[in-house]
Q: 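First the structure, then my questions, so here it is.
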Protein chains: 2
Amino acid sequence: MQLTKYTDYALRVLTYLAVMPQGEQANIEQISQKYDLSIHHLKKIVQQLGVFGLVETRRGKGGGISLLKLPQQINIGEVVGLMENTLEVIDCHTSPCKILPACHLKNILAEATQAFMVTLNQYTLADLIADNKAQLIDILLIDTNRPAPQQ
Amino acid sequence: MQLTKYTDYALRVLTYLAVMPQGEQANIEQISQKYDLSIHHLKKIVQQLGVFGLVETRRGKGGGISLLKLPQQINIGEVVGLMENTLEVIDCHTSPCKILPACHLKNILAEATQAFMVTLNQYTLADLIADNKAQLIDILLIDTNRPAPQQ
């Protein structure tokens with residue numbers, strides 16, 4: 001069972017933005033470099049996060065990407081629900097399953113998916129950076145390409 | 001979020017076998033025809049279900065596929081757990097995620113997946129054919145290729 005890469009990368013972008021110093025903007029090149037993800041995919045994801053009202057992108061000098069809400073206002077279940085194409089864990093419709101009219105499995109799977117989402121709904125982006133923010137900043141924001149200070 | 005087709009088809013095969021009259025054997029061609037699924041895929045799935053001790057395949061005349069356990073002994077969560085390649089809904093490892101050492105998301109997703117599986121563990125194959133067995137038999141076992149009786 002897997003979430004799409006789309007959802008995975010969206011959560012990584014949001015985590016990145018959540019540890020940015022207040023007032024600072026991120027850019028896609030930085031995020032791409034730090035997570036080793038394609039700029040092309042990230043552009044689409046950031047655009048989608050913008051459509052959902054979770055991030056904003058400002059153009060020009062001093063521009064960039066930032067969160068439009070506080071981390072504690074961004075619910076993980078909501079992000080997953082918005083980014084996934086479907087929450088039906090089995091596709092009964094594309095090549096229609098013959099037993100669909102009599103199938104109980106789809107109801108059981110829907111109940112299980114509901115339990116999955118209820119758990120995610122208990123968490124926000126703030127929980128992803130709760131006691132590990134300093135470590136995330138070290139990994140994501142410290143410029144590892146700068147020459148090491150001379151001894 | 002999706003389960004693999006492998007798991008989907010395994011559950012369809014088990015449902016088919018669960019509505020077979022006691023003592024009768026199914027064959028892959030029938031299952032393939034009824035669900036409109038490739039024989040090649042079904043062979044692999046039936047073989048895997050055999051490895052897991054859920055079905056047996058007898059060769060020769062009067063041979064075929066049948067359940068090795070009663071439907072109420074075949075747990076849906078167990079089948080899903082056996083058939084899925086992974087229950088990690090995000091792949092943190094294949095191209096290793098940089099924030100893995102500091103990531104709380106993986107724990108939250110594991111908790112949600114646990115809730116998903118706890119729900120599935122409450123059901124068995126018997127629940128899939130509880131009050132709809134006659135309808136499933138109509139769909140799966142009645143030979144729709146036979147000419148309609150003459151009026």
Side-chain angles (χ1 to χ4, degrees), chain A residues 1-5 7-8 11-12 15-16 19 34-37 76-77 80 84-92 95-105 107-109 111-123 125 127-140, chain B residues 1-5 7-8 11-12 15-16 19 34-37 76-77 80 84-92 95-105 107-109 111-123 125 127-140:
Chain A
M1 185 168 74
Q2 291 244 288
L3 295 168
T4 62
K5 290 212 177 298
T7 302
D8 176 3
L11 289 164
R12 295 195 207 190
T15 303
Y16 189 101
V19 298
K34 283 295 179 177
Y35 282 118
D36 202 10
L37 300 176
I76 302 302
V80 169
E84 285 293 293
N85 295 323
T86 176
L87 290 177
E88 290 185 353
V89 295
I90 277 183
D91 178 5
C92 314
S95 85
C97 181
K98 297 291 190 300
I99 62 169
L100 194 54
C103 180
H104 286 350
L105 180 63
N107 305 325
I108 293 170
L109 292 173
E111 185 188 336
T113 305
Q114 175 70 11
F116 181 90
M117 293 303 290
V118 162
T119 306
L120 293 190
N121 287 338
Q122 294 165 18
Y123 295 98
L125 188 56
D127 296 306
L128 300 193
I129 58 166
D131 54 5
N132 53 342
K133 191 170 175 180
Q135 205 182 345
L136 287 168
I137 288 172
D138 268 358
I139 298 171
L140 292 173
Chain B
M1 185 168 75
Q2 291 244 287
L3 294 169
T4 61
K5 292 213 175 299
T7 303
D8 176 3
L11 289 164
R12 296 195 207 190
T15 303
Y16 189 101
V19 298
K34 283 295 178 178
Y35 283 118
D36 200 12
L37 299 177
I76 302 301
V80 169
E84 286 291 293
N85 295 323
T86 176
L87 290 176
E88 290 186 351
V89 295
I90 278 182
D91 177 5
C92 314
S95 84
C97 181
K98 298 291 192 300
I99 61 170
L100 193 55
C103 180
H104 285 351
L105 179 64
N107 305 325
I108 293 169
L109 292 173
E111 186 188 336
T113 304
Q114 176 69 12
F116 180 90
M117 293 303 290
V118 163
T119 307
L120 293 190
N121 286 338
Q122 294 165 18
Y123 295 99
L125 189 55
D127 296 306
L128 300 193
I129 58 166
D131 54 5
N132 54 342
K133 192 170 175 181
Q135 203 182 348
L136 287 169
I137 287 172
D138 268 359
I139 299 171
L140 291 174

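This one's a predicted model, so the numbers in the text were calculated from it and none came from an experiment. Numbers restart at 1 for each chain; the letters A, B, ... are given by sequence-line order, proteins then strands.
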Q: Is there a side chain to side chain contact (heavy atoms under 4.5 Å, CB included) between B:K98 and A:R12 once you walk through the steps?
A: CA-CA 10 Å; B:K98 298 291 192 300; A:R12 295 195 207 190; over 6 Å; no

Q: Between A:D91 and chain B, which part of the residue has a heavy atom less than 4.5 Å away: side chain, backbone, both or neither?
A: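 Looking at A:D91, backbone and side chain both touch chain B.
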
Q: How long is the span from the CD1 atom in B:I90 to the CG atom in A:D8, to the nearest 0.5 Å?
A: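 CG of A:D8 is found 4.0 Å from CD1 of B:I90.
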
Q: Give, as side chain, backbone, both or neither, the part of A:I108 having an atom under 4.5 angstrom from any heavy atom of chain B.
A: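 Both parts, backbone and side chain.
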
Q: Quick one: pull up CG in A:L37 and SG in B:C97 and give me the separation to the nearest 0.5 Å.
A: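 So the CG of A:L37 and the SG of B:C97 are separated by 7.5 Å.
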
Q: Side chain from CB out, backbone as N, CA, C, O: work out which of these in A:E88 comes under 4.5 Å of a heavy atom of chain B, or both, or neither.
A: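 For A:E88, the contact with chain B is made by the backbone alone.
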
Q: Is there side-chain contact between A:L105 and B:D127, with heavy atoms separated by less than 4.5 Å?
A: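 No, every pair of side-chain atoms sits at 4.5 Å or beyond.
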
Q: Quick one: OH on B:Y35 to CD1 on A:I99, what's the gap to the nearest 0.5 Å?
A: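 Here the rounded value is 4.0 Å.
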
Q: Would you check, one step at a time, whether the test side chain to side chain contact (heavy atoms under 4.5 Å, CB included) holds for B:V89 with A:F116?
A: CA-CA 11 Å; B:V89 295; A:F116 181 90; 4.2 Å; yes

Q: Among A:N107, A:D131, A:V118, A:T15, single out the residue with the greatest number of heavy-atom pairs under 4.5 Å to chain B.
A: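 If we count pairs closer than 4.5 Å to chain B, A:D131 comes out on top.
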
Q: In Å, rounded to the nearest 0.5 Å, how long is the span from CD1 of B:I76 to NE2 of A:H104?
A: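 If I round to the nearest 0.5 Å, the distance is 11.5 Å.
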
Q: Of the backbone (N, CA, C, O) and the side chain (C-beta and beyond), which part of A:L140 lies under 4.5 Å from a heavy atom of chain B, both, or neither?
A: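 Answer is side chain: those atoms of A:L140 sit under 4.5 Å from chain B.
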
Q: Would the distance check show the side chain of B:N132 and the main-chain N or O of A:A102 forming a donor-acceptor pair, the cut-off being under 3.5 Å?
A: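 Judged by distance alone, yes, a pair lies under 3.5 Å.
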
Q: Can you tell me which portion of A:P101 sits under 4.5 Å from chain B's heavy atoms? Options are side chain, backbone, both or neither.
A: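 Both backbone and side chain.
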
Q: Residues two or more places apart in sequence or in another chain: which of them pass side chain to side chain contact (heavy atoms under 4.5 Å, CB included) with B:E84?
A: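 Scan of B:E84 (side chain to side chain contact (heavy atoms under 4.5 Å, CB included), adjacent residues dropped) gives A:M1, B:L3, B:T4, B:T7, B:V80, B:L87.
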
Q: Pick one of side chain, backbone, both or neither for B:N85, based on which atoms fall under 4.5 Å of a heavy atom in chain A.
A: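 Neither part.
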
